[in-house]
There are 2 protein chains.
Amino acid sequence: MGTRLALRIQERFEDLTRSEQKLAQFLLDRPDEILGTSATELAGFAGVSKATAARLFRNLGYSDFNDVRLQAREERNRTGPVQQIPMPQVSATAATTVPVHLQVETANLIRTFEELRSDVLNQAAEQLAAAGRVWVAGLGIENGLAQYLRTLLARVRPGVHLISENASIWPEELASTGPNDALVIIAVRPWPQHISTMLNFAKTTRLKSIVITDPTNVGKAQRKGALVLNCHVSTPWSELTQTSVLSMAQLLASALINRLGQKAEIRRNLIANLAEEFEDDRDR
Amino acid sequence: MGTRLALRIQERFEDLTRSEQKLAQFLLDRPDEILGTSATELAGFAGVSKATAARLFRNLGYSDFNDVRLQAREERNRTGPVQQIPMPQVSATAATTVPVHLQVETANLIRTFEELRSDVLNQAAEQLAAAGRVWVAGLGIENGLAQYLRTLLARVRPGVHLISENASIWPEELASTGPNDALVIIAVRPWPQHISTMLNFAKTTRLKSIVITDPTNVGKAQRKGALVLNCHVSTPWSELTQTSVLSMAQLLASALINRLGQKAEIRRNLIANLAEEFEDDRDR
DNA sequence: AGGTTTATGAAACTCTTGTTTCAGTAATTA
DNA sequence: TAATTACTGAAACAAGAGTTTCATAAACCT
């Protein structure tokens, strides 16, 4: 679909005067030229006077040239619905190139978030907002991501804890949790057995649990009463990419911020200021 | 590769004043905004005065703002639109919706990887492959990401260590490093002072260093002799998103795998088998 | 702390851009 | 061909953009 300006011109092209048409044609030929080019210049390119340019835009129904430019800018920013980016097919042996990487990542992100129901996200945010304490868990490589999510959440609300990777001390760590708490688990395939243990515990304690996982584990997690945030993590070769998992963590934190409103803002500024002071201290 | 303006800013970023940096950062984050936006507006977005804007452009070596715009336009004409997916504009107060989140993430990924020169990536992979040991560092929220990258790299080659977040024990940790080692640092703005210390150390020890960072710190890192992997991390609101950072880590690991070939494969399978056995043990 | 340097935005100023007016030209009609 | 109408660009005008100046504030030295 063309821009609104282009459509408007096409409709009325015949009604325009000779020199208006000259300019109009130029605009049709190079629609992207409107951004960053002044009306005077456009007129110059088309070989007509500034006055004609002013008249043309008015005749097309705009109040101003500024009006035209604003609309063009807005339209560029709104660049229609995201188009499906297919997952590239790559022979197993070929080296990963940067463009392929980009395409894989983009495809996973798009699938993940076009599929995500915003009511599920909001429910998750609601649970995190209402919880007395929040526990974040991730095993193996997901531990780093869990730590990341923990920091993100801790900036926004108090009482966010990272569950140790050492399963043997879970009893101590989880002993004090109750139905008022929330548990966020990051776990993609291969699904660690421990996670099931943890989810079972959560279910019996009536701990609200949110699981960020990949499509193969959605069912399992849901069956244990967890709210599931599903992330696409596949690549054309055998590895996984956790980019969409991190992105989901980021979105979850954003959703919590929205949910908490002012309260989150206050805490965030407090922390930012403290951090700044620490940096300053070290400078001296 | 970035625009000439972006390069110029990155080179001189630290020499700029506080509010010049605010504006410069905005320009780095949204390079496409220069077209079709007046200097006054840009200054407004960045929260600085028109005067500062004028000064910035002069300080960067342009004679005029007009000069800047002309060059930007010329560059776009030479290389096509800066990016297909623009960063959406969002009012500061609006809640983050899922589609907006998706668009932000996609825009950052695309910018990051369309700009990434594959020879730089390969050089980084080469250094990681050739190094005797690899040290991975990340402070604050980046520590989680560093841990993630560490795991990723450790699956593929031996001798990959995570540097503790506790700066006071760095002397011990880094004591045994030498010119044969490689250091990977993950640090986005606000740039922690400690990172500079670490980079200085690396430079004097002739430690090869790779820095994963955001556009505002590229110059600083390069000047300390590091190989820089530049990641776009901005959002239309005030926070940052580290999704592209994680993705970069992922790509770096992939590149290393490609570089190591068979050797990586063997180690990876070994580790996968071990992990499986552990899981099995616990089932019983 | 006091003095010096540096950085900053408000406001004055200059220059460019876009609009409007108007007189001259071209096209149209009788 | 003369009268009428429509179109056009030059120039006057108004609005706004970008630059420079300057007083004030912040940072930095002793």
Side-chain angles (χ1 to χ4, degrees), chain A residues 5 8-9 12-27 30 33-74 272-273 276-284, chain B residues 5 8-9 12-27 30 32-74 190-191 193 216:
Chain A
L5 172 63
R8 197 102 191 81
I9 292 178
R12 310 226 15 226
F13 194 79
E14 286 83 46
D15 308 340
L16 302 177
T17 70
R18 251 178 123 57
S19 41
E20 281 176 335
Q21 285 190 356
K22 275 210 279 185
L23 178 52
Q25 192 180 67
F26 182 83
L27 293 175
R30 324 208 9 202
E33 210 62 36
I34 290 140
L35 287 165
T37 309
S38 71
T40 307
E41 284 176 296
L42 291 174
F45 287 142
V48 300
S49 70
K50 300 197 290 175
T52 303
R55 273 191 292 264
L56 170 62
F57 295 120
R58 156 126 340 150
N59 287 346
L60 289 173
Y62 296 91
S63 68
D64 244 359
F65 175 65
N66 206 38
D67 201 10
V68 179
R69 193 171 24 202
L70 283 178
Q71 199 183 81
R73 213 200 294 179
E74 182 221 318
N273 290 340
E276 221 167 89
E277 279 180 41
F278 272 114
E279 274 295 316
D280 286 355
D281 282 357
R282 296 200 167 122
D283 284 352
R284 284 181 209 126
Chain B
L5 172 63
R8 194 100 194 82
I9 294 179
R12 310 226 17 227
F13 193 79
E14 295 126 87
D15 307 339
L16 302 176
T17 68
R18 248 176 126 61
S19 38
E20 281 176 334
Q21 286 191 355
K22 274 210 277 184
L23 178 55
Q25 187 183 87
F26 183 85
L27 294 174
R30 327 216 356 207
D32 48 327
E33 212 61 37
I34 289 143
L35 289 165
T37 309
S38 69
T40 306
E41 281 177 297
L42 291 174
F45 287 143
V48 302
S49 70
K50 298 197 289 173
T52 302
R55 272 190 294 264
L56 170 64
F57 294 119
R58 157 127 340 151
N59 286 346
L60 289 174
Y62 296 91
S63 67
D64 243 1
F65 174 65
N66 207 37
D67 202 12
V68 179
R69 196 172 16 206
L70 283 178
Q71 198 183 329
R73 209 200 299 176
E74 183 224 315
W191 180 269
Q193 198 52 49
T216 62

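Chain letters run A, B, ... following the sequence lines, proteins first, then strands; residues in each count from 1.
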Next item on the list: Round to a whole Å and report the spacing from CG of Asp64(A) to P of dA17(D).
Entry: 12 Å
Next item on the list: Take the protein atom OH of Tyr62(B) and the nucleotide atom C1' of dT19(D), then report the distance between them rounded to whole Å.
Entry: 18 Å
Margin query: Parallel, tilted or perpendicular, judged at 30° and 60°: which one describes the rings of Tyr62(A) and Phe57(A)?
Written below: perpendicular
Checklist line | Set of residues satisfying salt bridge (Lys or Arg N to Asp or Glu O under 4.0 Å) with respect to Arg58(B), sequence neighbours excluded | finding: none
Item checked: Residues in salt bridge (Lys or Arg N to Asp or Glu O under 4.0 Å) contact with Asp64(A), at least two apart in sequence or another chain -> none
Item checked: Base-contact (B) and sugar-phosphate-only (S) positions in nucleotides 5-12 of chain D, heavy-atom cut-off under 4.0 Å, - elsewhere -> --SBBB--
Check: Taking the side chain as C-beta and beyond, is there a heavy-atom pair between Thr52(A) and Glu20(A) under 4.5 Å?
Finding: yes
Check: Residues in side chain to side chain contact (heavy atoms under 4.5 Å, CB included) with Ala43(B), at least two apart?
Finding: Val48(B), Ala53(B)
Check: Rounded to the nearest 0.5 Å, how far apart are NZ of Lys50(B) and OG1 of Thr40(B)?
Finding: 5.0 Å
Checklist line | Atom-to-atom span, CZ of Phe45(B) to P of dA17(D) - whole angstrom | finding: 12 Å
Next item on the list: Taking the side chain as every heavy atom from C-beta outward, state whether Phe45(B) and Arg30(B) have any atom pair closer than 4.5 Å.
Entry: no
Margin query: What range of DNA chain C does chain B touch, first nucleotide to last, counting atoms under 4.0 Å from its heavy atoms?
Written below: dA7(C) to dA10(C)
Checklist line | d(CG, Leu23(B); P, dG18(D)) in whole Å | finding: 12 Å
Margin query: The criterion is salt bridge (Lys or Arg N to Asp or Glu O under 4.0 Å); which residues satisfy it with Arg8(B), sequence neighbours excluded?
Written below: Glu11(B)
Margin query: So Asn66(B), base contact, sugar-phosphate only, or nothing? Heavy-atom distance under 4.0 Å.
Written below: nothing
